[in-house]
Amino acid sequence: MFVHDSLPMRVVFGTGALDRVADEVDRLGLRRVLVLSTPRQGALADRVTGLLGERAAGTYDGARMHVPVATVAAAREVAEELGADGCLAIGGGSTIGLAKALSLRLGLPSVVVPTTYAGSEMTTVWGLTEDGRKTTGRDPVVLPRSVVYDPELTYGLPPAVSGPSGLNAIAHAVEALYAPDGTPVVSAMAERGVRDLAAALPLVVADGSDGAARSLALEGAWLCGACLGATTMGLHHKLCHALGGMLDLPHAETHAIVLPHVAAFNLPAVPEADAALRRALGVDDVPGALRSLADRVGVPDGLRALGVAHEDLARVADEVLAAPYRNPVPPTRADLERILEAAWQGSGPELS
Ligand code: NAD
């Protein structure tokens, strides 16, 4: 038996789709939206503000990684001063995270324009960071009301971001294929998402302005993000959450390094997921293909290349064992140590 419960999802996808943002804002009946971005993407926020005309009440370009509560408070003040009735977030997971926080705190609906492959726009998961501690939760109110994907906006995403970010998206699909709440619809999205991203990422890294490859990668990221939004993640996400939270590691790179090792551990126990990934990647050896994809798109070679000290691995294993996520094979301490050791070493030993 399964239950499939679709999240409401409106997607406008295509080259030049950015020109549709005003229509999307009108569709929601919004008249005074606050445009959100990071400082680095301020020029893009200005472009959107121009496209929105009088529908734009103002801009807040202070979005930051991990959605600090101080940033949310500052953006909230701007939103209240301007009498904003909605948000338009343009950027990656950090900017979309800020829009979600404003939806949570003020009930503001959002239109979002993703410019990375992180996938947050497809989930009801919000996150907030205070005093170095990240709290997350799920609430339908934070789900964007409309998502505008324009591949042109990703041409400037550097190879060092595109590769790991794409593998991070693939990780959502891999775990969705064996999730306890997976369904045939989710599996179809996951297989297609992995196929698209695996085909596109090497091309995107070779030539960032390859329009067809950028479009395929963004389509894959959408599908993988939707898998994340629809299911409960397993050991891979738990491990990456523990590693990232305890050792302050870069999010996407950590996922990209750990994924082949967890795939090697889990896939023998879930033949249907393994078969779907073999089809998607066109190979017999899924963990090996994930690792060679990571190598080809410039993912750092092992957790040690991210500066992780070997003695920290035991603490991470403790954290995972203390509050495990559901996983096809419940890992023992020895399993976790083996997976972490292999992920730390990188290309040294064979996959465990
Ligand atoms: P990010 O949003 O932090 O962006 C990284 C940097 O790249 C920023 O400076 C940004 O301005 C810049 N950038 C973004 N797009 C660009 C482009 N096209 N060209 C040039 N520069 C660009 O990074 P991210 O990986 O998108 O998001 C990571 C965050 O999202 C993490 O905090 C993660 O926890 C969160 N996340 C949340 C969910 C969820 O469901 N809530 C899902 C996935 C990720």
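Counting starts at 1 for both ligands and their atoms, in listed order. The first residue in the sequence is number 1, and the count goes up from there.
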Euclidean distance, His251 NE2 relative to Leu249 CG, rounded to 0.5 Å: 11.5 Å
Polar atom proximity, Thr116 to ligand 1 (N or O, under 3.5 Å): yes
Option set Ala252, Cys240, Ser120, Ser162, criterion heavy-atom distance to atom 36 (N) of ligand 1, minimum: Ser120
From the candidates Thr124, Thr38, Val161, the one that places a heavy atom nearest atom 11 (O) of ligand 1: Thr38
Asp274 side, atom CG; Leu177 side, atom CG - distance, nearest 0.5 Å: 10.0 Å
Leu153 N/O under 3.5 Å from ligand 1 N/O: yes
Ring geometry between Trp222 and Tyr149 (parallel below 30°, tilted from 30 to 60°, perpendicular above 60°): tilted
Electrostatic pair Arg333:Asp318 at N-O distance under 4.0 angstrom: yes
Thr123, any N or O under 3.5 Å of ligand 1 N or O: yes
His241 side, atom NE2; Glu319 side, atom CD - distance, nearest 0.5 Å: 8.0 Å
For Met65, the ligand 1 atoms whose distance to one of its heavy atoms is below 4.0 Å: 3 (O)
Top protein contact for atom 1 (P) of ligand 1, by heavy-atom distance: Ser94 OG, 3.4 Å
Reported SG-to-CD distance for the pair Cys227 and Glu191, which is rounded to 0.5 angstrom: 11.0 Å
Heavy atom of protein inside 4.0 Å of atom 5 (C) of ligand 1, strictly below: no
Salt bridge present between Arg10 and Glu24 (N-O < 4.0 angstrom): yes
Side chain, backbone, both or neither: the part of Lys100 lying under 4.0 Å from ligand 1 by heavy atom: side chain
Taking atom 34 (O) of ligand 1 as the reference point, the nearest protein heavy atom with its distance: Lys134 NZ, 3.1 Å
Carboxylate-amine/guanidinium contact Asp26 Arg55, below 4.0 Å: yes
Nearest neighbour in protein (non-hydrogen) for atom 10 (C) of ligand 1: Gln41 OE1, 3.6 Å
Nearest-0.5 Å distance, CG of residue Leu239 to CG of residue Leu336: 6.0 Å
For atom 25 (O) of ligand 1, closest protein heavy-atom neighbour: Ala118 CB, 4.0 Å
NZ/NE/NH1/NH2 to OD/OE distance under 4.0 Å, Asp23 and Arg27: no
Residue and atom name of the nearest protein heavy atom (relative to atom 17 (C) of ligand 1), distance in Å to one decimal: Leu157 CD1, 3.5 Å
Nearest-neighbour protein heavy atom for atom 21 (N) of ligand 1, which is reported as residue plus atom name and distance: Arg40 NH2, 3.3 Å
Gap separating the CG atom of Leu235 from the CG atom of Asn327, nearest 0.5 angstrom: 4.5 Å
Gly93-ligand 1 polar pair, N/O distance under 3.5 Å: yes
Option with minimal heavy-atom separation from atom 41 (N) of ligand 1, where the choices are Val67, Val125, Leu98, Thr115: Val125
Contacting atoms of ligand 1, where contact means under 4.0 angstrom from a heavy atom of Gly92: 2 (O), 26 (O)
Residue, atom name and distance, where the atom is the protein heavy atom closest to atom 20 (C) of ligand 1: Gly156 O, 3.5 Å
